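This report refers to the structure that appears directly beneath it.
This one's a predicted model, so the numbers in the text were calculated from it and none came from an experiment. Start at 1 with the first residue, then count along the sequence.
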Amino acid sequence: QVQLVESGGGSVQAGGSLRLSCVASRYTYRNYCMGWFRQAPGKEREGVAAKDRYGSTSYADSVKGRFTISQDNAKNTLYLQLNSLKPEDTALYYCAADLRYSGADCDTTANPFTYWGQGTQVTVSS
C-alpha cells in the first residue's frame, strides 16, 4: 500500500512563501512518478508540478518561476516550494504518485494518478 503524507500548508499574504512536504515510502519515492496537484472550490483539479523517477521536473505554466519541486533522498520527502504566492493559488494541495508514468509521460498532465495523499490547505490573502 502506497502512503503519502503531506504537510506544510497554511495561510499567508500575497507575495509570501510556503513549503509543502510529502513523505513517501522509500520504494515509492525512488521509483514512482510523483506530482503535486491542487483543487480550488468550484474548480477542476490542476496539475502543478511533477517529478519522474530520474529527477526530471515539469511545471504548469501558471506556476513556472514561482514554484519549485525538489526532494530530500535521505528523508524520502518530496517538497513543493511556493514563492510569490497569489490569491489565485488558494487551494487544497495534494501529493500523488503513480508507477505507470515515466520520462516524458510523467508531467503535470498525466492522468489519472493512482495514489493520493490527504491534502494540505494553502490560503493566500490579498
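- Taking Y93 as the reference, R38 meet the side chain to side chain donor-acceptor pair (under 3.5 Å) condition, with sequence neighbours excluded.
- Q71 and G55 make their closest contact through OE1-CA, 4.4 Å (heavy atoms, listed as atom of the first residue, atom of the second, distance).
- Applying the 4.5 Å side-chain rule to ILVMFWY residues, one finds that Y79 remains a lone member of its cluster.
- Other members of the cluster containing V5 do not exist, because no ILVMFWY side chain is joined to it at under 4.5 Å.
- Linking Ile, Leu, Val, Met, Phe, Trp and Tyr whenever their side-chain heavy atoms come within less than 4.5 Å leaves L18 and Y94 in two separate clusters.
- Looking at residues two or more places apart in sequence or on another chain, you find no ring-ring contact (aromatic ring centres under 6.0 Å, His included) involving Y32.
- The salt bridge (Lys or Arg N to Asp or Glu O under 4.0 Å) contacts involving residues 64-79 comprise D61-K64, R66-D89, where partners must be two or more places apart or lie in separate chains.
- In terms of the salt bridge (charged side-chain N to carboxylate O under 4.0 Å, His left out) criterion, R45 has no residue partners (sequence neighbours excluded).
- Nearest heavy atoms, S58 versus T108: OG-N, 3.5 Å.
- Here the CG atom belonging to L99 is positioned 7.0 Å from the CG atom belonging to N31, to the nearest 0.5 angstrom.
- In this structure, N83 and S17 approach most closely via the heavy-atom pair OD1-OG, 2.9 Å.
- Hydrophobic clustering of Ile, Leu, Val, Met, Phe, Trp and Tyr side chains at less than 4.5 Å, counting indirect connections, unites W36 with Y59.
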